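Single-structure report; data block below.
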Amino acid sequence: MKEAGAAKAAQEDYLATLTSAGPMEIEAIVAKYWSDIWNYAFVLTKKHDLADDVTQDTFVQAFLGLDKFRGQASVKTWLLKICHNVAMNQLKSAFFRKILPVAVVRHSRQSVSAESVFFAKTKLDAVWESMLDLPLKHREVLMLEIKYELSIADIADFLGIAEGTVKSRLHRAKAQMRKKWKEEE
């Protein structure tokens with residue numbers, strides 16, 4: 001019983017600290033979650049520049065709405081949800097649907113030899129291209145499960161859909177990825 005009370009008090013202290021965050025705390029939160037939020041934004045938008053904008057807007061909205069953070073989810077989950085909403089709003093905009101072209105995914109990594117860099121980059125590009133070819137609803141659940149390690153229940157809650165729907169989308173996404181990779185072999 002004491003442990004539950006201590007955990008609740010710790011959570012309340014954390015929420016008080018978070019909602020009264022100063023520049024140093026905000027900088028630490030951005031540094032900790034920027035790459036996760038950017039990666040998720042990129043998976044949703046398929047565009048480097050739009051992912052940059054969505055990520056920046058996510059943090060701006062998060063810090064403007066810190067007083068609305070209830071602590072029912074982790075900070076990361078809260079930021080991912082804001083990112084999802086910002087990205088969906090951007091994608092629904094007619095300007096972005098009609099004007100911005102799809103960018104090619106490129107990742108740069110340093111390695112010892114040029115050959116290993118080439119093969120690693122080629123493989124990574126192929127995986128990303130396969131994933132980006134999936135429909136948004138399949139791509140999104142797959143990314144949330146694999147990259148962010150969210151449970152089926154968390155994904156369902158996050159997206160506002162039933163757990164069975166999440167399972168179905170994950171199954172279809174994985175089946176499509178397996179099919180694509182078998183065709184390439």
Side-chain angles (χ1 to χ4, degrees), residues 1-48 50-92 105 107 124 127-128 131-132 134-174 177:
M1 191 73 160
K2 275 188 171 180
E3 290 177 17
K8 185 172 182 169
Q11 183 179 9
E12 288 172 3
D13 289 344
Y14 177 70
L15 288 175
T17 302
L18 185 62
T19 56
S20 63
M24 297 299 283
E25 292 86 3
I26 289 173
E27 188 175 325
I29 291 169
V30 171
K32 183 174 182 179
Y33 298 110
W34 184 273
S35 64
D36 286 336
I37 301 304
W38 188 91
N39 288 330
Y40 184 57
F42 181 77
V43 165
L44 296 175
T45 63
K46 296 185 183 183
K47 298 168 183 70
H48 288 275
L50 189 53
D52 290 338
D53 292 343
V54 167
T55 302
Q56 186 172 0
D57 289 348
T58 297
F59 283 103
V60 168
Q61 285 190 18
F63 294 119
L64 290 175
L66 269 176
D67 58 326
K68 296 178 184 110
F69 180 67
R70 298 182 307 257
Q72 293 175 329
S74 70
V75 173
K76 183 177 183 178
T77 303
W78 180 60
L79 289 170
L80 287 169
K81 184 64 176 179
I82 293 170
C83 178
H84 173 84
N85 292 338
V86 169
M88 292 302 112
N89 288 341
Q90 292 281 7
L91 292 172
K92 288 176 186 175
V105 179
H107 295 277
L124 186 58
V127 170
W128 273 106
M131 183 178 253
L132 292 173
L134 295 173
L136 176 61
K137 62 185 180 180
H138 295 154
R139 185 172 66 236
E140 185 173 32
V141 294
L142 190 59
M143 184 69 163
L144 289 171
E145 182 193 45
I146 293 171
K147 171 76 173 147
Y148 299 107
E149 300 176 350
L150 295 181
S151 68
I152 302 272
D154 288 342
I155 295 170
D157 184 50
F158 180 82
L159 295 175
I161 58 178
E163 286 185 33
T165 304
V166 172
K167 290 177 186 177
S168 172
R169 289 180 183 180
L170 276 172
H171 175 75
R172 288 185 182 123
K174 290 176 182 178
M177 289 294 286

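Position 1 is the first residue of the sequence, and the numbers go up from there. This structure is a prediction, so every number in the text was calculated from the model and none was measured.
By the 6.0 Å contact criterion, CD on Gln56 is open, its count of non-hydrogen atoms from other residues, nucleotides or ligands being 12 or less.
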Test side-chain contact (heavy atoms from CB on, under 4.5 Å) on Trp38 and His48 and set out the steps. CA-CA 9 Å; Trp38 188 91; His48 288 275; 3.5 Å; yes
Please walk me through it: do Asn39 and Met143 pass side-chain contact (heavy atoms from CB on, under 4.5 Å)? CA-CA 9 Å; Asn39 288 330; Met143 184 69 163; 4.2 Å; yes
Go through Phe158 and Lys81 one step at a time and tell me if the side-chain contact (heavy atoms from CB on, under 4.5 Å) criterion holds. CA-CA 7 Å; Phe158 180 82; Lys81 184 64 176 179; 3.6 Å; yes
With side-chain contact (heavy atoms from CB on, under 4.5 Å) as the criterion, how do Cys83 and Thr55 come out once you've worked through the C-alpha distance, each side chain's angles and the decisive distance to 0.1 Å? CA-CA 7 Å; Cys83 178; Thr55 302; 5.5 Å; no
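With sequence neighbours left out, the side-chain contact (heavy atoms from CB on, under 4.5 Å) criterion links Ala162 to Thr165. The side chain to side chain donor-acceptor pair (under 3.5 Å) check on Ser74 picks up Thr77, with sequence neighbours excluded. Every residue two or more places apart in sequence or in another chain was checked for a side chain to side chain donor-acceptor pair (under 3.5 Å) with Asn85, and none qualifies. Residues that satisfy the salt bridge (Lys or Arg N to Asp or Glu O under 4.0 Å) test with Glu145, not counting sequence neighbours, are Lys174. With sequence neighbours excluded, the residues forming a side-chain contact (heavy atoms from CB on, under 4.5 Å) with Ser168 are Arg172, listed by chain and number. By the side-chain contact (heavy atoms from CB on, under 4.5 Å) test, Asp157 is found to be paired with no residue, residues two or more places apart in sequence or in another chain being considered. Residues satisfying the salt bridge (Lys or Arg N to Asp or Glu O under 4.0 Å) test with Lys76, not counting sequence neighbours, are Asp36. In terms of the side chain to side chain donor-acceptor pair (under 3.5 Å) criterion, Lys32 has no residue partners (sequence neighbours excluded). Residues passing the side-chain contact (heavy atoms from CB on, under 4.5 Å) test with Ala62 are Trp78, Leu79, Ile82, sequence neighbours excluded.
The shortest non-hydrogen separation linking Val43 to Arg139 is O-NE, 2.6 Å. Of all heavy-atom pairs spanning Tyr40 and Glu140, the tightest one is OH-OE2, 2.6 Å. Of all heavy-atom pairs spanning Tyr148 and Ile37, the tightest one is OH-N, 4.3 Å. Taking each heavy atom of Ala41 and Val54 in turn, the nearest pair found is CB-CG1, 3.7 Å. Of all heavy-atom pairs between Ala153 and Glu163, the closest is CB-OE2, 3.6 Å.
Side-chain contact between Met177 and Leu142 is present, with at least one heavy-atom pair separated by less than 4.5 Å. Taking 4.5 Å as the limit, every side-chain heavy atom of Gln90 sits out of range of all side-chain heavy atoms of Thr45. Phe63 is listed as a side-chain neighbour of Val30, based on a closest heavy-atom distance under 4.5 Å.
Between Leu170 atom CG and His138 atom NE2 the span is 9.0 Å, to the nearest 0.5 Å. How far CG of Asp154 is from CG of Leu144: 10.0 Å, rounded to the nearest 0.5 Å. In this structure, CG in Leu80 is found 10.5 Å from NZ in Lys147, a value given to the nearest 0.5 Å.
Remark: the backbone N or O of Val141 is not paired with any side-chain donor or acceptor of Arg169 at under 3.5 angstrom.
Aromatic ring orientation, Phe59 versus Trp34: parallel (interplanar angle below 30°, classes split at 30° and 60°).
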